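Inspection log for the structure reproduced underneath, given as structure tokens.
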Amino acid sequence: MKKRRTVCCVGAIIYLIFGFLMVPPELIAGEIIIIANPDVPTNVLYKKDIKKIFLGKMGKWQNNDKIIPVVLKDESMHKLFLKEYIKRTPSQFKMVWKRAMFTGKGKPPKKFKTEKDMIEYIAKTKGAIGYVTSGTSIDKVKSITSN
Amino acid sequence: MKKVILFVILLTVYVGIVNVYQSIANESVEIHGFISQGYLHSSDNNYMGNSESGTFQFNEMGLNFTTNMSEQLSLGIQFFARDLGEIGNDEINIGWAFAEYSFYEWLGIRVGKLKTPYGLYNEIWDMDMLRTSIILPAALYSESARDAQSAIKGGNIYGNIHTGALGSFSYDILYGTIDVGANSGTERLTEQRLGIDVTSLKFGETTAIKLIWDTPFDGLRFVGTIVQLSLAIDTQILEYNLNFFQSRVFSMEYLIGKLLLAFEYSITDQENNILLYSTGDSMNIEERAETYYISAAYRFTDWLEVGSYYSYDEDSNLPSDNKKDICITFRFDINNNWNVKLENHFFNGINLVDPNENETVPEEDWMLFAATLTFAF
């Protein structure tokens with residue numbers, strides 16, 4: 001009985017060690033930066049305003065240009081962005097935009113497969129705002145400081 | 001059979017449209033749709049059809065097209081059809097259709113057929129996939145009145161005002177009239193209440209005002225709504241005029257992580273005048289109804305959400321018609337497009353029950369099971 005318990009404990013410890021090693025490294029909060037088209041009339045946004053933008057509650061910049069939020073298809077990146085800035089789960093986020101879609105009051109944000117595609121789109125689209133991992137080359141767009 | 005054919009047509013149109021959409025890569029028009037097939041079975045009392053024996057006469061479907069003509073101007077239309085017992089019968093109507101011009105963040109205008117801004121969930125009532133429960137609390141969202149409550153033909157101004165420390169305010173002010181069409185629940189409800197056939201039913205001017213306060217506390221918002229309208233009903237033996245009808249609703253919604261709490265309370269005042277053709281006698285009746293519900297829904301996983309509500313509907317003239325409803329719903333999201341819901345209602349009261357659909361005296365305590373399978377894209 002004592003031998004069986006020891007074997008089980010050792011097995012559990014080995015499993016936990018290998019389990020942690022096999023889990024893909026998750027992005028750490030703070031690695032996401034907000035980017036926008038260079039013509040967007042601000043370099044700083046409150047986090048609550050970023051939340052309003054991506055939940056469809058704020059539709060225009062101060063210069064009356066339309067705000068065009070865009071997101072990434074990458075689930076882990078998108079989830080981290082939602083957790084850090086929007087405080088919503090992916091299903092809650094989807095529901096917000098489904099409601100806009102089916103009442104005719106908005107379109108869901110465009111989704112991009114890669115950060116490169118998102119940056120290209122934001123660079124050429126007036127009013128566009130999105131997010132990438134820090135360290136990504138963002139020469140064609142500007143970063144937005146959030147506070 | 002008709003519903004099957006319609007569903008196949010919709011699906012074929014969707015597949016065809018997707019192919020065209022992909023080959024031309026034209027992203028200027030967005031197309032979305034849904035179809036929801038339901039089943040109802042009540043323990044006693046027929047509800048909106050032959051529910052005591054079990055009925056599939058319970059479905060909704062819609063297809064919408066929206067496009068941005070410019071940064072400020074957008075157009076959209078949603079076709080909608082539903083069937084609930086004798087109501088709707090899958091007749092295709094326009095659910096909403098409007099042109100919208102956005103001047104500023106705080107001012108925009110829409111004209112057309114607009115969903116009535118009433119309470120928390122009136123504007124999404126037609127779309128099963130946008131809410132937890134199958135049947136919304138009848139305290140504010142009675143299926144019989146859905147046609148009248150659904151939309152107003154006219155215009156509205158709307159906007160958002162962001163104050164910073166106090167949060168944000170959104171407003172919606174609508175003016176127009178209501179057009180319920182044939183086979184409406186409103187006509188059936190009127191015939192049920194008066195006990196005679198209606199020959200004509202016409203709404204007068206309708207105003208709806210909604211104010212939303214998104215507080216500085218994340219997930220907490222308060223909503224105030226006022227709707228005012230008038231209605232003229234003609235029958236072969238009497239004229240019934242709803243000269244004054246005003247409904248005031250206070251709503252609160254609080255999203256805390258995966259838990260969503262909601263509370264809505266309404267007071268409705270109406271002044272009716274009845275004129276009997278045979279004698280020329282006329283009488284005025286004033287009525288007040290106070291109703292409320294409280295609800296909670298929790299998303300356990302990406303595929304499972306459980307919700308429940310308690311709904312109370314008081315009829316000041318006929319206390320025996322007071323209605324209480326305890327509902328529990330299990331929602332299963334199979335993937336981004338499909339969901340299944342299973343729901344049970346425990347009713348006390350016969351307010352929902354049409355005596356014309358029930359040969360025996362309705363039971364005071366009864367249950368209703370509802371299930372839906374919904375596809376949306």
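Small disclaimer: the values here were computed from a predicted structure and weren't measured.
- At least one donor-acceptor pair closer than 3.5 Å links the side chain of A:Lys48 to the backbone N or O of B:Gly164.
- Only the side chain of B:Asn64 comes within contact range of chain A, judged by heavy atoms closer than 4.5 Å.
- Summarising the local packing, NZ of A:Lys111 is surrounded by 12 or fewer heavy atoms from other residues, nucleotides or ligands at distances under 6.0 Å.
- In this structure, chain A has a heavy atom under 4.5 Å from the side chain of B:Phe98, while its backbone stays farther away.
- Other residues, nucleotides and ligands contribute at most 12 non-hydrogen atoms within 6.0 Å of the OH atom of A:Tyr46.
- With a 4.5 angstrom heavy-atom cutoff, A:Asp65 touches chain B via backbone and side-chain atoms both.
- When side chains are defined from C-beta on, A:Ser91 does not count as touching B:Lys258, because their heavy atoms never get closer than 4.5 Å.
- Interface summary for chain A: among B:Asn68, B:Asn160, B:Ile77, the most heavy-atom pairs under 4.5 angstrom belong to B:Asn68.
- Nearest heavy-atom pair, B:Phe377 versus A:Phe102, reported as atom, atom and distance to 0.1 Å: O-CZ, 3.5 Å.
- Using a 4.5 Å cut-off between heavy atoms, B:Asp126 does not touch chain A at all.
- Residue contact with chain A, scored on non-hydrogen atoms closer than 4.5 Å, involves the backbone and the side chain of B:Glu71 alike.
- When B:Asp214, B:Leu130, B:Leu114 are compared by the number of non-hydrogen pairs under 4.5 Å with chain A, B:Leu130 comes out ahead.
- Put simply, CG on B:Asp333 and NZ on A:Lys94 are 8.5 Å apart, with the number rounded to the nearest 0.5 Å.
- Interface residue A:Thr103: backbone and side-chain heavy atoms are both found under 4.5 Å from chain B.
- Between chain A and the options B:Glu100, B:Arg131, B:Arg110, the largest number of non-hydrogen pairs under 4.5 Å is found for B:Arg110.
- Both the backbone and the side chain of B:Ser102 come within contact range of chain A, judged by heavy atoms closer than 4.5 Å.
- Heavy-atom pairs under 4.5 Å with chain A were tallied for B:Gln78, B:Lys115, B:Gln72; the largest tally goes to B:Gln78.
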**Item:** A:Lys57/B:Ser168 under side-chain hydrogen bond (donor to acceptor under 3.5 Å, both in side chains): CA gap, chis, key distance, verdict
**Value:** CA-CA 9 Å; A:Lys57 294 183 183 182; B:Ser168 301; over 6 Å; no

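- The NZ atom of A:Lys66 lies 8.5 Å from the OG atom of B:Ser70; values are rounded to the nearest 0.5 Å.
- Of the listed residues (A:Lys98, A:Lys52, A:Met101), the one with the most heavy-atom contacts under 4.5 Å to chain B is A:Met101.
- Remark: A:Lys142 NZ is packed, more than 12 non-hydrogen atoms of other residues, nucleotides or ligands lying under 6.0 Å away.
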**Item:** Worked verdict on A:Lys105 versus B:Thr66 for side-chain contact (heavy atoms from CB on, under 4.5 Å)
**Value:** CA-CA 9 Å; A:Lys105 294 182 179 175; B:Thr66 53; over 6 Å; no

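- Contact check for B:Arg299 versus A:Gln92: no side-chain heavy atoms found under the 4.5 Å cut-off.
- In the displayed structure, A:Glu75 atom CD is contacted under 6.0 Å by at most 12 heavy atoms of other residues, nucleotides or ligands.
- Between the B:Glu105 side chain and the A:Gly59 main chain, a donor and an acceptor come within less than 3.5 Å of each other.
- Counting heavy atoms from C-beta on, the side chains of B:Tyr104 and A:Asn64 come closer than 4.5 Å.
- The 12-atom threshold is exceeded at NZ of A:Lys87, counting heavy atoms of other residues, nucleotides or ligands nearer than 6.0 Å.
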